[in-house]
Protein chains: 2
Amino acid sequence: MDTLLIFKALSNEKRLLILQWLKNPKENFIQPQHLTQHEHFDGGVCVGNIQKKAGLAQSVISGYLDMMQKAGLLESKRIGKWTYYRRNEKVIQEFANFIKKEL
Amino acid sequence: MDTLLIFKALSNEKRLLILQWLKNPKENFIQPQHLTQHEHFDGGVCVGNIQKKAGLAQSVISGYLDMMQKAGLLESKRIGKWTYYRRNEKVIQEFANFIKKEL
DNA sequence: TTGACATATCTATAAATATCGATATAATAA
DNA sequence: TTATTATATCGATATTTATAGATATGTCAA
């Protein structure tokens, strides 16, 4: 876990919000029609819907999500045309423990 | 508590280290001779000693410490010529709770 | 009061980050 | 195959951050 990368990823208001929004995808994002039941990536939201909610250019959001994934905060899966992103709870938990014990 | 300010303050390696060093001032910094017992600011380390440990210019460290104080992570007290900085455990605890519950 | 020292503030520059629009790539639909 | 849609990458520019050195301010000691 690269703690510094995580702090950098979260030192931006929109990225911090995105991580929090992803705690409740159903309440915070338009629900996609694209997914059939069996290819579900549970809790995942496609780039376009995150972009609509965040209100920044598509290229910006794509870069943000990539950065957050590289920090370990998110994980993604491409299904057809769409890339779905969701929280990586394991890393987030690890980070929370680091804060509690080492910070 | 301004969470975003805290994340920004900690999104820099040296600032993150300073906060961690201040958990154990005696082990991490030269002990100052300047303080008499009664005017002690327990756990506080003067700017110059933090600067020596961090290895950046004095003006940079002064700015870092000010930024960390504005974020609430540190508190300071001027005693004579020296300004002592120490951790603000209350805010750090609050931040840890935020991470655990809201992140 | 002057000199020395600790810290804070100011100025300048280089590097990193934020952001957009345009284009490239990948997948699907017609 | 071609057009359309979703996402990723590229190129450009503006803003922010990192950093140093110079100077100002505050405090103490001679």
Side-chain angles (χ1 to χ4, degrees), chain A residues 2 4-19 22 29-36 39 41 44-71 73-86, chain B residues 2 4-19 22 29-36 39 41 44-71 73-86:
Chain A
D2 187 333
L4 195 57
L5 267 190
I6 293 180
F7 276 119
K8 286 183 183 188
L10 297 177
S11 69
N12 171 286
E13 185 168 28
K14 281 286 161 67
R15 289 193 299 260
L16 184 54
L17 282 171
I18 288 170
L19 191 65
L22 285 172
F29 301 97
I30 300 162
Q31 283 314 101
Q33 257 65 61
H34 353 110
L35 293 179
T36 63
E39 63 184 1
F41 182 58
V45 179
C46 69
V47 177
N49 283 345
I50 298 173
Q51 188 261 314
K52 282 182 195 75
K53 173 86 176 182
L56 290 172
Q58 183 271 327
S59 58
V60 172
I61 298 302
S62 177
Y64 278 8
L65 295 172
D66 183 56
M67 177 186 186
M68 292 171 78
Q69 176 164 40
K70 279 176 177 141
L73 294 167
L74 301 181
E75 53 192 358
S76 71
K77 183 177 184 183
R78 176 132 199 176
I79 301 176
K81 294 192 280 196
W82 298 274
T83 306
Y84 296 89
Y85 283 89
R86 70 179 177 193
Chain B
D2 188 333
L4 194 58
L5 267 189
I6 294 179
F7 277 119
K8 286 183 183 187
L10 298 177
S11 69
N12 171 287
E13 184 169 29
K14 280 287 160 68
R15 289 192 300 260
L16 184 54
L17 283 171
I18 288 169
L19 191 64
L22 285 171
F29 301 97
I30 301 162
Q31 283 313 101
Q33 256 65 62
H34 352 108
L35 293 177
T36 64
E39 63 184 1
F41 182 58
V45 179
C46 69
V47 178
N49 283 346
I50 297 172
Q51 189 262 313
K52 281 182 196 76
K53 173 87 175 181
L56 291 172
Q58 182 271 326
S59 59
V60 172
I61 297 302
S62 177
Y64 278 8
L65 295 172
D66 184 57
M67 176 184 187
M68 291 171 79
Q69 176 164 41
K70 279 176 177 141
L73 293 167
L74 301 181
E75 54 192 359
S76 71
K77 184 178 184 183
R78 175 130 197 178
I79 302 176
K81 293 191 281 196
W82 297 274
T83 306
Y84 296 89
Y85 284 88
R86 70 179 177 194

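In this text, all values refer to a predicted model and were calculated from it rather than measured experimentally. Residue numbers begin at 1 in each chain, while the letters A, B, ... track the order of the sequences.
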Participant: Of B/Phe41, B/Tyr84, B/Tyr85, B/Phe29, which is the lone residue that meets side-chain contact (heavy atoms from CB on, under 4.5 Å) with B/Cys46?
Facilitator: B/Tyr84
Participant: Scan B/Ser62 against the nucleic acid and name what it touches under 4.0 Å (heavy atoms): base, sugar-phosphate only, or nothing.
Facilitator: base
Participant: OP1, OP2 of C/dA18 versus side-chain N and O of A/Arg15: anything below 4.0 Å?
Facilitator: yes
Participant: Are A/Leu65 and A/Thr83 side-chain neighbours, meaning at least one heavy-atom pair lies under 4.5 Å?
Facilitator: no
Participant: Have a look at B/Leu56 and say if it touches a base, only the backbone sugar-phosphate, or nothing, with a 4.0 Å heavy-atom cut-off.
Facilitator: sugar-phosphate
Participant: Please determine whether a side-chain nitrogen or oxygen atom of A/Asn12 lies at a distance below 4.0 Å from atom OP1 or OP2 of C/dT17.
Facilitator: no
Participant: Confirm from the modelled atom types if A/Gln58 and D/dA8 form a donor-acceptor pair under 3.5 Å, side chain to base only.
Facilitator: yes
Participant: If you check every side-chain atom of B/Lys81, which of D/dT5, D/dC28, D/dT7 has the closest atom?
Facilitator: D/dC28
Participant: Answer yes or no: does a side-chain N or O of A/Tyr85 lie under 4.0 Å from OP1 or OP2 of D/dA6?
Facilitator: no
Participant: Which nucleotide in the list C/dT9, C/dT7, D/dA8 gets nearest to the side chain of B/Ser59?
Facilitator: C/dT9
Participant: Identify whether any heavy atom of B/Val47 sits under 4.0 Å from a base atom; if not, whether one sits that close to sugar-phosphate; answer base, sugar-phosphate or nothing.
Facilitator: sugar-phosphate
Participant: Of the options D/dT7, C/dT19, D/dC28, whose atoms approach the side-chain atoms of A/Tyr64 most closely?
Facilitator: C/dT19
Participant: Sequence neighbours excluded, which residues qualify as side chain to side chain contact (heavy atoms under 4.5 Å, CB included) partners of B/Asp66?
Facilitator: B/Lys70
